[in-house]
Amino acid sequence: MMSSITAAARTLTDDSPQLLLRGYGFGDRIWRRVRAGARSAPMGLLGDPTIFVRGAEGVEVFYDEDRVRRHGAMPGIVQETLFGHGSVHSLDGQDHRHRKATFLDVAYEDEQVERLRPFLAAEWQRELDDWFAGGERSAYDAAVGAFGRAVMRWAGLPGTPAAKTRWAARLAQIVDGFGVPYSPEYILAWINRRWSDRHAQHLIEAVRDGDLQPERPSTRGPGTAIAPACCCLRDSPGSSCRTACDP
């Protein structure tokens, strides 16, 4: 009896509906429960008691692997759409560090940022030319297309500009739709996540099998195309890369 009362009380005081309705703005409501300047506040999330944290101390706690476990912590409605399965956000320990290093080693370099600049400038100019010619795309849609095509060219991915624009729009829709599970937009985000994962998998397998040769922009400045580099990364610590990816 007591457990039923406790469960009912948690349901009535749960903050999940406010998170869905208010989005990022829901935090202001949580902080009103504690004194000014506090770095933590109690809340309820998906039926469980939860601590809401902020500041450097909160970040340190969040990244303390002895206190926080990522695997299984992410709500299914988010993992199924925004991040997908096996993402760095849901891994722990060595698997997490290995996957995170994958991104840091390949993309977080000054020379890679510099190599991206001309691609982005060219794609923004493409959007501007379209506007001057009477195009009616919104600024948001133009930004999605310009950034999406630029990053895909930077990564050495194949495809026409139109195909890259469509894929960029799918990825943007995932971000727009993942947080509204009560809307058809969420179903579309789920579909786009599945399509994007499958498409990326096919590209990686084609490169590893030697059926596809990504662009290697040796004549476009310093750096290495991201696609061949990512296709050659090990799936997990200790595993080996297929020889078809070797330079």
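Bear in mind the structure is a predicted one, so any value in this text is a computation, not a measurement.
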Measure the spacing between CG of Leu212 and CD of Glu205 and express it to the nearest 0.5 Å. 12.0 Å
So if you build clusters from Ile, Leu, Val, Met, Phe, Trp, Tyr with side-chain heavy-atom gaps below 4.5 Å, do Val68 and Leu45 land together? no
Gly44 backbone acceptor or donor facing Asp15 side chain under 3.5 Å: yes
Working note: Ser196 + Leu171, criterion side chain to side chain contact (heavy atoms under 4.5 Å, CB included); need CA distance, chi angles, decisive distance, verdict. CA-CA 8 Å; Ser196 297; Leu171 295 173; 3.6 Å; yes
Counting distance only, does the side-chain N/O of Arg137 pair as donor-acceptor with the main-chain N or O of Asp130 below 3.5 Å? no
Considering all heavy atoms, the nearest Leu116-Ala150 contact: CD1-O, 3.8 Å
Closest non-hydrogen contact found for Tyr63 with Lys100 is CE2-NZ, 4.3 Å
Hydrophobic clustering (ILVMFWY, side-chain heavy atoms < 4.5 Å, transitive) - are Trp31 and Met43 grouped together? yes
Quick one: do Leu19 and Val34 end up in the same hydrophobic cluster if we chain Ile, Leu, Val, Met, Phe, Trp and Tyr together by side-chain heavy atoms under 4.5 Å apart? yes
Around His202, counting heavy atoms of other residues, nucleotides and ligands shown, do more than 12 lie under 6.0 Å from its NE2? yes
I need the minimum non-hydrogen distance between Asn192 and Gln173, along with the two atoms involved. ND2-OE1, 2.9 Å
I need the minimum non-hydrogen distance between Arg69 and Asp92, along with the two atoms involved. CG-OD2, 3.3 Å
Counting C-beta onward and ignoring hydrogens, is there a side-chain heavy-atom pair between Val61 and Arg67 closer than 4.5 Å? yes
Donor-acceptor contact present, side-chain Arg194 to main-chain Ala189, <3.5 Å: no
Could you check Arg208 against Ile204 for side chain to side chain contact (heavy atoms under 4.5 Å, CB included), going step by step and ending with a plain yes or no? CA-CA 6 Å; Arg208 287 181 171 180; Ile204 291 172; 3.7 Å; yes
Do side-chain atoms of Tyr186 reach the backbone of Ile77 as a donor and acceptor pair under 3.5 angstrom? yes
Would you say the side-chain atoms of His85 and Glu80 include a donor-acceptor pair closer than 3.5 Å? yes
Under 3.5 Å, is there a donor-acceptor pair linking the side chains of Gln125 and Asp129? yes
Selection residues 163-187 - residue pairs positive for salt bridge (charged side-chain N to carboxylate O under 4.0 Å, His left out), sequence neighbours left out: none
Between the side chain of Ser90 and the main-chain N/O of Ser87, is any donor-acceptor distance below 3.5 Å? yes
Same cluster or not: Trp167 versus Ile174, using hydrophobic residues (I, L, V, M, F, W, Y) connected whenever any side-chain heavy atoms lie under 4.5 Å apart? yes
When the ring centroid of Phe119 is compared with that of Phe147, is the distance short of 6.0 Å? no
Taking only Lys NZ, Arg NE, NH1 and NH2, and the carboxylate oxygens of Asp or Glu, determine whether Asp95 and Arg99 approach each other closer than 4.0 Å. no
Decide whether Val113 and Met152 are clustered together by the hydrophobic rule: side chain heavy atoms of Ile, Leu, Val, Met, Phe, Trp, Tyr closer than 4.5 Å, transitively. no
Evaluate side chain to side chain contact (heavy atoms under 4.5 Å, CB included) for Arg97 paired with Glu65, printing each intermediate quantity in order. CA-CA 11 Å; Arg97 290 188 289 274; Glu65 294 184 351; 2.8 Å; yes
Return yes if some donor-acceptor pair links the side-chain N/O of Glu123 with the main-chain N/O of Arg149 below 3.5 Å, else return no. no
For a ring pair (Phe, Tyr, Trp, His ring centres under 6.0 Å) check, start with the C-alpha distance between Trp190 and Phe178, then their side-chain angles and the critical distance, and finish with the verdict. CA-CA 8 Å; Trp190 185 90; Phe178 84 93; over 10 Å; no
Has Phe132 got more than 12 heavy atoms of other residues, nucleotides or ligands less than 6.0 Å from its CZ? no
Restricting to non-hydrogen atoms, name the atom on Ala172 and the atom on Tyr140 that form the minimum distance, rounded to 0.1 Å. CB-OH, 3.8 Å
Residues Phe52 and Gly27: closest non-hydrogen pair is CE2-CA, 3.9 Å
Can a donor-acceptor pair be found, under 3.5 Å and without considering hydrogens, that links the side chain of Asp14 to the backbone of Gly47? yes
Side-chain (Thr50) to main-chain (Asp48) donor-acceptor, under 3.5 angstrom: yes
Side-chain donor or acceptor of Ser138 paired with backbone N/O of Asp141 under 3.5 Å: yes
Without hydrogens or angle criteria, can the side chains of Gln112 and Trp154 be said to hold a donor-acceptor pair below 3.5 Å? yes
